[in-house]
Trainee: 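Quick one: structure below, then a few questions.
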Amino acid sequence: MTALHHRRAFGLLATALAAVALASQASGPVRLRLDEGDRYLFRHTLATETDVEIPFPQTTKQTMWYTLEQNVRDVDADTGHATIEVRFRRVVVKVDMGEMGGFDVDTDDDASEQSATYRKLIDRPFTMRISPRGKVTEAKGLTAIVQDVLEADGPGALNLEQVESIVGDESMTSMYQSFLPIYPEDATDEWETESTITLPMMGAAAIRVSWTFGAPGEVGEYATIPMRATSEILTPSEPTKTSLGFAEMELRLEEMTSEGVIDISADDGWPVKGEIKSDGTMSMLLTIPGLATPTASDMAVRSVSIIERLELPTDE
């Protein structure tokens with residue numbers, strides 16, 4: 001048998017296994033299957049573009065991605081809830097605000113002064129609690145790490161609220177949930193979920209997601225089941241305030257719709273690869289010292305969220 005035939009045979013076997021896993025939904029609902037000692041490495045990416053009219057027309061671009069290593073520390077025998085130890089392995093943030101400036105962060109760049117604070121987050125463990133249905137019930141310890149890092153930086157430290165909005169307990173809970181499907185209570189191919197998420201620099205908002213299972217397939221070496229998601233926020237987010245130095249900016253997400261596909265492993269239920277695209281409108285209130293009246297404007301927001309399962313590094 002040639003190498004090509006071997007690959008085709010493997011592909012057919014992987015698809016067959018995925019089909020068996022999908023068929024098993026008829027007798028029971030899909031669940032995460034985690035065991036103590038399991039390890040995973042994921043890269044999360046969020047790229048956002050915002051069109052704003054004040055103080056002049058411009059497009060702001062922000063790309064944030066990080067790699068997270070997960071270690072399953074405990075799985076409750078009665079409830080199936082898993083406690084997972086999580087560590088940042090790399091954080092990259094690139095912000096281009098046009099005439100208003102920007103910044104670049106890369107924790108692998110030792111020469112970057114802008115990355116110094118974020119480098120102190122690397123390899124510091126925090127925990128997440130996840131239900132068998134994939135509901136992220138809690139992220140714990142990350143905000144405390146951020147606060148400790150900023151206090152060590154002294155008076156010149158970055159603002160806690162700004163950093164926490166990107167890498168804090170609430171923002172990490174919501175960010176991680178956006179990449180992890182919440183599975184149905186019963187065996188079904190279509191269902192809806194409602195929850196509250198906290199978006200980086202945009203505050204908390206209620207969201208409804210409609211889910212649909214697709215035909216089994218494969219992504220790389222994994223037998224997978226695609227899950228199509230469409231969502232919309234049900235209420236505007238709580239306004240959040242951010243200091244720009246020369247002014248204070250208040251942001252509020254007014255509306256947003258999203259759609260995309262997350263391919264989950266037929267073996268363990270964790271994502272293998274996924275991409276979600278979103279479009280929405282955000283309101284901004286800019287307060288500049290010396291000006292009696294704040295300036296208000298609506299902004300168009302477009303974003304792409306991507307998750308990728310990576311190969312774990314070989315232990316030396």
Trainee: Is there a path from W191 to I264 through hydrophobic residues (I, L, V, M, F, W, Y) whose side chains come within less than 4.5 Å of each other?
Mentor: yes
Trainee: List for me each residue that meets side chain to side chain donor-acceptor pair (under 3.5 Å) alongside R129, sequence neighbours excluded, and say none if there are none.
Mentor: T83
Trainee: Can a side-chain donor-acceptor contact be found between E254 and S283 if the only test is distance below 3.5 angstrom?
Mentor: yes
Trainee: Are I122 and V105 co-members of a hydrophobic cluster defined by side-chain heavy atoms under 4.5 Å apart?
Mentor: yes
Trainee: Under 3.5 Å, is there a donor-acceptor pair between the side chain of Y183 and the main chain of G269?
Mentor: yes
Trainee: What is the minimum heavy-atom distance between G134 and Q177, and which atoms define it?
Mentor: O-NE2, 3.1 Å
Trainee: Under the side chain to side chain contact (heavy atoms under 4.5 Å, CB included) criterion, do I262 and I276 qualify, and how do the steps go?
Mentor: CA-CA 8 Å; I262 301 175; I276 304 293; 4.3 Å; yes
Trainee: Provide the closest heavy-atom pair for S278 versus M256 in the form atom of the first, atom of the second, distance.
Mentor: CB-SD, 3.8 Å
Trainee: Of the non-hydrogen atoms in P184 and P29, which two are nearest, and what is the gap between them?
Mentor: O-CB, 3.8 Å
Trainee: If you define the side chain from C-beta out and look only at heavy atoms, does anything of M64 sit under 4.5 Å from V95?
Mentor: no
Trainee: Do V146 and V92 land in one hydrophobic cluster if side-chain heavy atoms of ILVMFWY residues count as linked below 4.5 Å?
Mentor: no
Trainee: Hey, are the side chains of T230 and T257 touching, using non-hydrogen atoms and a 4.5 Å cut-off?
Mentor: no
Trainee: Does L34 belong to the same Ile/Leu/Val/Met/Phe/Trp/Tyr cluster as V86, with side-chain heavy atoms less than 4.5 Å apart forming each link?
Mentor: yes
Trainee: Would you confirm whether R33, through its side chain, and R31, through its main-chain N or O, come within 3.5 Å as a donor-acceptor pair?
Mentor: yes
Trainee: Given salt bridge (Lys or Arg N to Asp or Glu O under 4.0 Å), test E259 with K277 step by step and report yes or no.
Mentor: CA-CA 6 Å; E259 63 177 359; K277 295 183 178 180; over 6 Å; no
Trainee: Looking at CD of E255 and CG of D279, how far apart are the two atoms once the value is rounded to the nearest 0.5 Å?
Mentor: 10.0 Å
Trainee: Hey, does the side chain of R89 reach the backbone of L41 with a donor-acceptor pair shorter than 3.5 angstrom?
Mentor: no
Trainee: Under a 4.5 Å cut-off applied to non-hydrogen side-chain atoms, are Y40 and D268 in contact?
Mentor: yes
Trainee: If we only count heavy atoms from C-beta on, is the L180 to F42 side-chain gap below 4.5 Å?
Mentor: no
Trainee: When rounded to the nearest 0.5 angstrom, what is the spacing between OG1 in T137 and CD1 in I130?
Mentor: 8.0 Å
Trainee: Is the shortest heavy-atom distance from the side chain of R208 to the side chain of E232 under 4.5 Å?
Mentor: yes
Trainee: So, R39 side chain and E69 main chain: donor-acceptor pair closer than 3.5 Å or not?
Mentor: no
Trainee: What heavy-atom pair brings E36 and V75 nearest, and what distance separates the two atoms?
Mentor: N-CG2, 4.1 Å
Trainee: May I ask whether V72 and I307 are part of the same hydrophobic cluster, defined by side-chain heavy atoms of I, L, V, M, F, W, Y residues being less than 4.5 angstrom apart, directly or through others?
Mentor: yes
Trainee: Between R119 (side chain) and V91 (backbone), is there a donor-acceptor pair under 3.5 Å?
Mentor: no
Trainee: Which heavy atom of L32 sits nearest to which heavy atom of S131, and what is that distance?
Mentor: CD1-O, 3.6 Å
Trainee: Could you go through the side chain to side chain contact (heavy atoms under 4.5 Å, CB included) check for M299 and T60 one step at a time?
Mentor: CA-CA 10 Å; M299 300 183 291; T60 297; over 6 Å; no
Trainee: Is I182 close to V209 at the side-chain level, that is, under 4.5 Å between some pair of heavy atoms?
Mentor: no
Trainee: Which distance, rounded to the nearest 0.5 Å, do you find between the CG of L68 and the CZ of R90?
Mentor: 13.5 Å
Trainee: Taking NZ, NE, NH1 and NH2 as the nitrogens, is one of them in D51 or R302 under 4.0 Å from a carboxylate oxygen of the other?
Mentor: yes
Trainee: Please round to the nearest 0.5 Å and tell me the distance separating atom CD of E311 and atom CD of E221.
Mentor: 7.5 Å
Trainee: To the nearest 0.5 Å, how far apart are CG in D96 and CG in D104?
Mentor: 9.0 Å
Trainee: Which pairs pass ring-ring contact (aromatic ring centres under 6.0 Å, His included) with one or both residues in residues 122-148, sequence neighbours excluded?
Mentor: F88-F126
Trainee: Search all heavy atoms of R252 against all heavy atoms of S237 and return the closest pair with its distance.
Mentor: NE-O, 2.9 Å
Trainee: To the nearest 0.5 angstrom, please state how far the CG atom of L234 sits from the OG atom of S195.
Mentor: 9.0 Å
Trainee: Atom NZ of residue position K273 - does it have more than 12 heavy atoms of other residues, nucleotides or ligands inside 6.0 Å?
Mentor: no
Trainee: Taking the side chain as C-beta and beyond, is there a heavy-atom pair between F213 and M227 under 4.5 Å?
Mentor: yes
Trainee: Checking S303 against T48: is there a side-chain donor and acceptor pair closer than 3.5 Å?
Mentor: no
Trainee: Hey, are the side chains of T107 and Y66 touching, using non-hydrogen atoms and a 4.5 Å cut-off?
Mentor: no
Trainee: Decide yes or no on side chain to side chain contact (heavy atoms under 4.5 Å, CB included) for T127 and E138, but give the supporting numbers first.
Mentor: CA-CA 8 Å; T127 60; E138 176 185 59; 5.6 Å; no
